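As structure tokens, the structure follows; a few thoughts come after it.
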2 protein chains.
Amino acid sequence: MTYCVAIRLNAGLVMLADTRTNAGVDNISRYRKLHCWEVPGERAIAMMSAGNLSITQGIITRLDKQIEKSRDNPDRETILNADSMFRVAQIVGDTMREMQEQHREGMEMQGASFDATVLVGGQRKGGQCRLFLIYSAGNFIEATPDTPFFQIGEHKYGKPILDRVITPETPLEKATLAACVSMDSTLRSNLSVGMPLDLAVIKADEYCFFKQRRIEKDDEDFTALSEAWSKALNSAFHDLPHLNL
Amino acid sequence: MTYCVAIRLNAGLVMLADTRTNAGVDNISRYRKLHCWEVPGERAIAMMSAGNLSITQGIITRLDKQIEKSRDNPDRETILNADSMFRVAQIVGDTMREMQEQHREGMEMQGASFDATVLVGGQRKGGQCRLFLIYSAGNFIEATPDTPFFQIGEHKYGKPILDRVITPETPLEKATLAACVSMDSTLRSNLSVGMPLDLAVIKADEYCFFKQRRIEKDDEDFTALSEAWSKALNSAFHDLPHLNL
């Protein structure tokens, strides 16, 4: 499985993904699920994916190929020159549909799941910072102030903390912490989600990546966060008032 | 769906269930999923179920019918006279298998899911306090010091808090709080789990129910717990040290 969480705030965008893929518990691998594209000062786009790896890798390859081809033919539309983030989501959705059409029949015959979901977020100069969730059929929805975050993959373990602390007004640093705490809860409770992690942060109206880093298994900051949260949660629990339940 | 959690401690047993069932989001009902049997001073047994309601209701009805019939024929084995909790689990497993055999073919033809799981725990005089998880096939596993709790139904939201605070040494009152916090997280994040709740607590070596109560939607203690936990969680989160993530 996978766990990816993306949070769209007034202050920008936080995206965090794990790297574990598995075909059964006896076939575990590590793949990057967070991919970033940037034209510094003009746009920054980040994408995360869950589900069938051949589909999601195929999407990334096609998007990159389109960008490569557009070097010789600048009229060709790509996610790096599309005139809105909405159009970027449409391009990703169309690519999803192409991949599904190409492989669905063969995979159906094998009984393999071809489900895939993609989160794509970012900002281009002149537009807002936006976040989209793209389904297997290529259709998509957008994060709004009512629902400022999306999760894909093993989303249940890490949802309660996000439900409680995330609002559009949450600062980027706090949202990054919340994404990490949400990931930490998932890592502890589900073996199909694993380190290392990939983090990307975009500050609103800067059109570049504010942060883009891999968090390794022995990362001191993440370990400190994990321990601090564990301690805080335990003492919060043990300090609960006596209740006549 | 459903959420039920059962915790087996050195100090006894805590069992907490919600009451929501649904066949689609537009067909929501309320059913008791926690059932208790008691021979005060001799044994106390509690059972919770998730999955196909016709199967799980059928199991309860059959177990009760066996008990009724054994009044005239005391040699007849029932969960109230079986000579061990292990044997109680076997009887429940056998009843599960009978229900499955009776209805599987018909339900398969309808494409309905006949999956069901049951948690059964308790203690009889002369034995230990034990907790079992019974699968659709009638086979079962037992809670051990390594894994002192079982969850059935929508278990993921409420697992992280249990993973962090429950050990066999946890006192009954703390474990009851943990079960309620775990349920509260699930209620907040998943509409298919709903109030009221049913709680049963058995103290080790007392062979009767220490607590057995329904927690209604407007229960003051549960509301106070929910608010206290929300506040504690928020302040624990906001007090996390600044980390260079």
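In what follows, every chain begins at residue 1, and chains take the letters A, B, ... in the order their sequences are listed. Only a predicted model underlies this, so the values are computations on that prediction, with no experimental measurement involved.
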Minimum side-chain heavy-atom gap [X]-[Y] below 4.5 Å:
| X | Y | result |
| --- | --- | --- |
| A/Pro196 | A/Arg30 | yes |
| B/Ile161 | B/Trp229 | yes |
| B/Leu13 | B/Gln123 | no |
| A/Thr117 | A/Tyr135 | yes |

Need one label for [X]: side chain, backbone, both or neither, based on atoms under 4.5 Å from any heavy atom in chain B.
| X | answer |
| --- | --- |
| A/Glu173 | side chain |
| A/Leu199 | side chain |
| A/Lys231 | neither |
| A/Val181 | side chain |

Out of [options], which one racks up the most heavy-atom pairs below 4.5 Å with chain A?
| options | value |
| --- | --- |
| B/Val201, B/Asn234, B/Thr176, B/Asp239 | B/Asn234 |
| B/Arg188, B/Glu220, B/Arg213 | B/Arg188 |
| B/His238, B/His242, B/Lys156 | B/Lys156 |
| B/Ala224, B/Ala178, B/Gly158, B/Ser235 | B/Ala178 |

Among A/Thr56, A/Asp18, A/Thr21, find the one that has a side-chain hydrogen bond (donor to acceptor under 3.5 Å, both in side chains) with A/Lys33. A/Asp18

Do B/Ser192 and B/Asn22 meet the criterion of a side-chain donor-acceptor pair at a distance under 3.5 Å? no

B/Ile215, part contacting chain A, at a heavy-atom distance under 4.5 Å: side chain

Here the pair of heavy atoms bringing A/Asn52 nearest to A/Ser113 is ND2-O, 2.8 Å

